[in-house]
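Here the structure comes first, spelled out in structure tokens, and everything after it is commentary.
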Amino acid sequence: MILLTGEVITFLVLEGVLLILLMVATAVAVPILRHWDFQATSDRQYAREKRAYLVGLVITFALGAKIILLPFFAHTLDRLATVVPGAMCAAGVINANGYGFPLLGWKLGVLVLSGVWLLVNRRDVQATEFPHLKPKLGLFLVIAGAVLVETVLDVLYLTGISTLTPVQCCSIIYGVASPAGGLPWGLDTQILLPLFYLVYLLAMVLSAARYLVLNFLANLGFLVLGYLAVVYFFGTYVYQLPTHQCPFCMLQPEYFWVGYLLWGTLFFGTFFGMAGWLVRLLTGRAVADTGRWCMVLLTVFTVVCTLYPLVYRLRNGVWLT
């Protein structure tokens with residue numbers, strides 16, 4: 001049974017503990033948010049300020065742990081591929097029922113909100129008058145509700161995985177035999193690759209110039225293009241097989257876990273590219289170093305992607321076809 005797997009038990013216990021912490025923090029945050037008045041000099045306001053600092057530490061720990069849990073969730077799915085019939089990697093496991101892909105998308109959304117909260121909280125803590133406490137706690141209440149929904153989806157998804165019914169493998173879900181038939185929107189690699197590098201350069205320029213709204217849009221576009229480029233082009237050089245199109249197999253040890261590097265730098269690089277505008281919406285000011293982190297992480301992502309086909313060409317004298 002899936003729920004008796006060690007990784008699943010560990011994952012659900014950790015998620016449950018973090019949910020409890022966030023629910024306790026919610027119970028403390030709501031009255032602070034309702035009665036906050038920094039100009040007041042009463043004992044109650046002084047107590048609220050102490051509780052606000054404490055609850056901020058609890059939320060920071062819990063949301064930081066949530067970020068760490070996403071790679072562990074991917075690792076858990078990969079381990080489950082050994083017990084779910086038909087699955088060659090996490091792709092088959094995540095597609096085992098209708099909750100898998102929505103859950104993965106929801107988790108990524110929670111991570112984005114959590115990252116924005118951590119940036120806003122850092123700015124709020126560095127100030128002396130808690131200037132961003134109300135938008136910070138308001139965002140936290142949204143995150144707490146999203147985490148509650150996520151935990152329910154975790155349970156529904158994991159309890160819905162059958163060890164008796166075969167699932168589709170990654171070659172059916174993503175490969176040349178997939179129902180979607182490869183790249184969407186009529187794209188092919190001759191169009192995709194120039195777009196990939198052009199939007200990367202655009203994101204670099206906009207990050208350096210700190211055009212926040214345009215940078216948000218450029219990074220959102222690069223997130224989509226980067227995903228497609230890895231699955232349908234660069235990933236085939238990771239596997240050294242032109243018909244192997246999968247975002248999950250590269251998380252396995254035989255490919256040196258390079259998927260964690262690629263997906264991590266793509267996701268966090270585009271997050272920092274988009275976060276400047278999101279933080280400004282909440283606080284009125286952007287975070288100064290988000291553009292720099294965006295440039296560093298997306299450059300690492302792009303360089304690693306580019307090296308795979310170049311090294312293959314140098315070693316074999318041909319491109320994959």
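All values below were derived from every heavy atom in this structure, side-chain atoms included, with hydrogens, water molecules and symmetry-related copies excluded. Throughout, numbering of the chain's residues begins at 1 and tracks the sequence. Bear in mind the structure is a predicted one, so any value in this text is a computation, not a measurement.
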Minimum-distance pair of heavy atoms, taken over all atoms of Lys136 and Val120: CB-CG1, 4.1 Å

hydrophobic_cluster_shared for Tyr227 and Val224, side chain cutoff 4.5 Å: yes

Enclosure of Asp43 CG (heavy-atom neighbours >12, cutoff 6.0 Å): no

Same apolar cluster (I L V M F W Y, side chains within < 4.5 Å links), Leu214/Leu212: no

Flag side-chain contact, heavy atom, 4.5 Å: Trp117 against Leu282: no

Heavy-atom check, side chain of Trp263 versus side chain of Leu251, under 4.5 Å: yes

Ile32 side, atom CD1; Arg51 side, atom CZ - distance, nearest 0.5 Å: 5.5 Å

Val304 side chain near Thr265 side chain, heavy-atom distance below 4.5 Å: no

Shortest non-hydrogen contact from Arg123 toward Val287: NH2-CA, 3.8 Å

Counterpart residues, side chain to side chain donor-acceptor pair (under 3.5 Å), relative to Thr306 (two or more places apart): Tyr197

Nearest-0.5 Å distance that lies between atom CH2 in Trp36 and atom CD in Gln45: 5.0 Å

Stepwise side chain to side chain contact (heavy atoms under 4.5 Å, CB included) test for Met250 and Val230: CA-CA 10 Å; Met250 61 183 68; Val230 170; 3.7 Å; yes

Parallel, tilted or perpendicular: rings of Tyr174 and Phe101 (30°, 60°): perpendicular

Name of the residue among Val24, Val28, Val30 meeting side-chain contact (heavy atoms from CB on, under 4.5 Å) with Thr26: Val30

From OG1 (Thr270) to CG (Leu225), nearest 0.5 Å: 11.5 Å

Sidechain-backbone polar pair: Asn121 side chain, Asp124 backbone, donor-acceptor under 3.5 Å: no

Geometric class of the Phe222/Phe301 ring pair [parallel <30°, tilted 30-60°, perpendicular >60°]: perpendicular

Co-membership, hydrophobic cluster, residues Leu187 and Phe233, 4.5 Å side-chain: yes

Distance in Å, Tyr260 OH paired with Tyr255 OH, rounded so as to fall on 0.5 Å steps: 14.5 Å

Residue pair Asn215 / Trp277, side-chain heavy-atom distance below 4.5 Å: no

Note, Leu262 side chain near Cys305 side chain (heavy atom, < 4.5 Å): yes

Side-chain touch Leu22/Phe140, heavy atoms, less than 4.5 angstrom: yes

Aromatic contact, Phe234 with Phe196 (centres under 6.0 Å): yes

Co-membership, hydrophobic cluster, residues Val311 and Val238, 4.5 Å side-chain: no

Full working for side chain to side chain contact (heavy atoms under 4.5 Å, CB included) between Leu108 and Phe271: CA-CA 10 Å; Leu108 293 175; Phe271 164 75; over 6 Å; no

SB check Asp154 Lys107 (cutoff 4.0 Å): yes

Ring geometry between His75 and Phe72 (parallel below 30°, tilted from 30 to 60°, perpendicular above 60°): tilted

Donor-acceptor pair, side chain of Asn97 and main chain of Tyr99, under 3.5 angstrom: yes

Ala90 to Leu77 - nearest heavy-atom pair and separation: CB-CB, 3.7 Å

From OH (Tyr308) to CD (Gln240), nearest 0.5 Å: 9.0 Å

Within 6.0 Å of CZ in Arg313, more than 12 heavy atoms from elsewhere: yes

Non-hydrogen side-chain atoms of Val279 and Thr290 separated by less than 4.5 Å: no

Where Cys294 and Met204 come nearest, the two heavy atoms and their spacing: O-CE, 4.1 Å

Within the 6.0 Å centroid threshold, strictly below: Trp319 and Tyr312: no

Derivation and outcome, side chain to side chain donor-acceptor pair (under 3.5 Å), residues Gln252 and Asp78: CA-CA 8 Å; Gln252 296 177 349; Asp78 202 48; 3.2 Å; yes

Within-4.5 Å side-chain heavy-atom neighbours: Leu111 and Phe267: yes

Residue list, side chain to side chain donor-acceptor pair (under 3.5 Å) with Thr189, at least two apart or on another chain: none

Exercise: identify the closest heavy-atom pair between Ser207 and Asn219: OG-ND2, 4.5 Å

Pair Arg79-Thr5, side chain to side chain contact (heavy atoms under 4.5 Å, CB included): steps then yes or no: CA-CA 9 Å; Arg79 295 285 293 177; Thr5 308; 5.8 Å; no

Steps toward side chain to side chain contact (heavy atoms under 4.5 Å, CB included) verdict (Leu69, Glu15): CA-CA 8 Å; Leu69 265 183; Glu15 286 280 37; 3.8 Å; yes

Spatial distance of atom CD1 (Ile94) from atom CG (Leu104) [nearest 0.5 Å]: 5.0 Å

Shared hydrophobic cluster, Val110 / Leu141 (ILVMFWY, side-chain heavy atoms < 4.5 Å): yes

Non-hydrogen atoms of Cys246 and Cys249 that approach each other most closely: SG-N, 3.5 Å

